[in-house]
Amino acid sequence: MIELTSKYIHQGDLLGSDGENFIVALSEQEVYSLDAAAYYIWSLCNGENTVGDIIKNVSSNFNLKESEIENPIKEIIRALLEAKLIKEVQ
């Protein structure tokens with residue numbers, strides 16, 4: 001379960017953008033295309049920000065209610081975890 005106090009750090013390297021999506025590579029064989037929302041959250045996973053911090057950041061920068069974006073952000077984090085594009089910091 002993804003907790004508001006959990007911290008994650010992104011894995012892989014940003015290779016660039018195709019104009020619409022951001023290309024992130026874990027290796028030469030594992031390359032992912034992230035939409036803008038997933039890339040923004042991936043980039044905020046720096047090992048310091050908690051999930052709560054990420055929600056506050058998105059809320060304030062995009063003028064959205066925290067209560068409305070908490071679950072979608074957690075879903076993006078879950079997808080990034082499954083793809084091994086982020087890992088939890090203990």
Side-chain angles (χ1 to χ4, degrees):
M1 184 160 168
I2 296 170
E3 302 291 335
L4 293 177
T5 57
S6 298
K7 294 180 182 181
Y8 299 93
I9 189 162
H10 64 260
Q11 306 294 295
D13 298 305
L14 175 64
L15 299 180
S17 170
D18 65 7
E20 201 169 298
N21 293 310
F22 295 84
I23 311 304
V24 176
L26 289 175
S27 68
E28 287 185 20
Q29 294 78 30
E30 291 182 279
V31 179
Y32 296 89
S33 177
L34 304 179
D35 66 18
Y39 172 73
Y40 190 75
I41 292 167
W42 177 82
S43 69
L44 291 174
C45 291
N46 61 6
E48 297 295 322
N49 289 324
T50 65
V51 173
D53 294 334
I54 292 169
I55 292 167
K56 286 179 181 146
N57 180 301
V58 172
S59 173
S60 68
N61 284 324
F62 297 98
N63 199 28
L64 300 166
K65 293 181 181 176
E66 289 181 28
S67 60
E68 293 176 358
I69 60 172
E70 180 176 338
N71 286 334
I73 287 175
K74 285 181 174 180
E75 285 302 315
I76 291 171
I77 289 172
R78 190 171 291 110
L80 292 170
L81 277 168
E82 287 176 13
K84 297 182 174 60
L85 288 170
I86 60 173
K87 69 177 183 179
E88 190 167 6
V89 176
Q90 300 299 326

Going by an N to O cut-off under 4.0 Å, is there a salt bridge joining Lys74 and Glu70?
yes
Looking at CD1 of Ile76 and CD1 of Ile41, how far apart are the two atoms once the value is rounded to the nearest 0.5 Å?
3.5 Å
Pairing residues for Asn61 by the side chain to side chain contact (heavy atoms under 4.5 Å, CB included) criterion, not counting sequence neighbours:
Tyr40, Asn57
In Å, rounded to the nearest 0.5 Å, how long is the span from CD1 of Ile86 to CG of Leu44?
11.0 Å
Going from CG on Leu26 to CG on Leu85, what distance comes out if it is rounded to the nearest 0.5 angstrom?
5.0 Å
Listing, residues 5-17 side-chain donor-acceptor contacts under 3.5 Å, not counting sequence neighbours, or none:
{"from": "Ser6", "atom 1": "OG", "to": "Glu3", "atom 2": "N", "distance (Å)": "3.4"}
{"from": "Ser6", "atom 1": "OG", "to": "Glu3", "atom 2": "O", "distance (Å)": "3.4"}
{"from": "His10", "atom 1": "ND1", "to": "Trp42", "atom 2": "O", "distance (Å)": "3.3"}
{"from": "His10", "atom 1": "ND1", "to": "Cys45", "atom 2": "O", "distance (Å)": "2.9"}
{"from": "Gln11", "atom 1": "NE2", "to": "Ile9", "atom 2": "O", "distance (Å)": "3.4"}
{"from": "Ser17", "atom 1": "OG", "to": "Gly19", "atom 2": "N", "distance (Å)": "3.0"}
{"from": "Ser17", "atom 1": "OG", "to": "Asn21", "atom 2": "O", "distance (Å)": "3.1"}

Taking all non-hydrogen atoms of both residues into account, name the closest pair between Glu48 and Asp53 and its distance.
O-OD2, 4.1 Å
Report, as yes or no, whether the 6.0 Å neighbourhood of atom CG on Asp18 holds more than 12 heavy atoms from other residues, nucleotides or ligands.
yes
Within this structure, what is the NZ-CD1 distance for the pair Lys56 and Ile73, rounded to the nearest 0.5 Å?
12.0 Å
Out of curiosity, Leu4 CG to Ile54 CD1, how far, rounded to the nearest 0.5 Å?
10.5 Å
List the atom pairs, donor and acceptor, that lie under 3.5 Å between side-chain atoms in residues 29-39 and the rest of the protein, sequence neighbours left out.
{"from": "Tyr32", "atom 1": "OH", "to": "Ala83", "atom 2": "O", "distance (Å)": "3.4"}
{"from": "Asp35", "atom 1": "OD1", "to": "Ala37", "atom 2": "N", "distance (Å)": "3.2"}
{"from": "Asp35", "atom 1": "OD1", "to": "Ala38", "atom 2": "N", "distance (Å)": "2.8"}

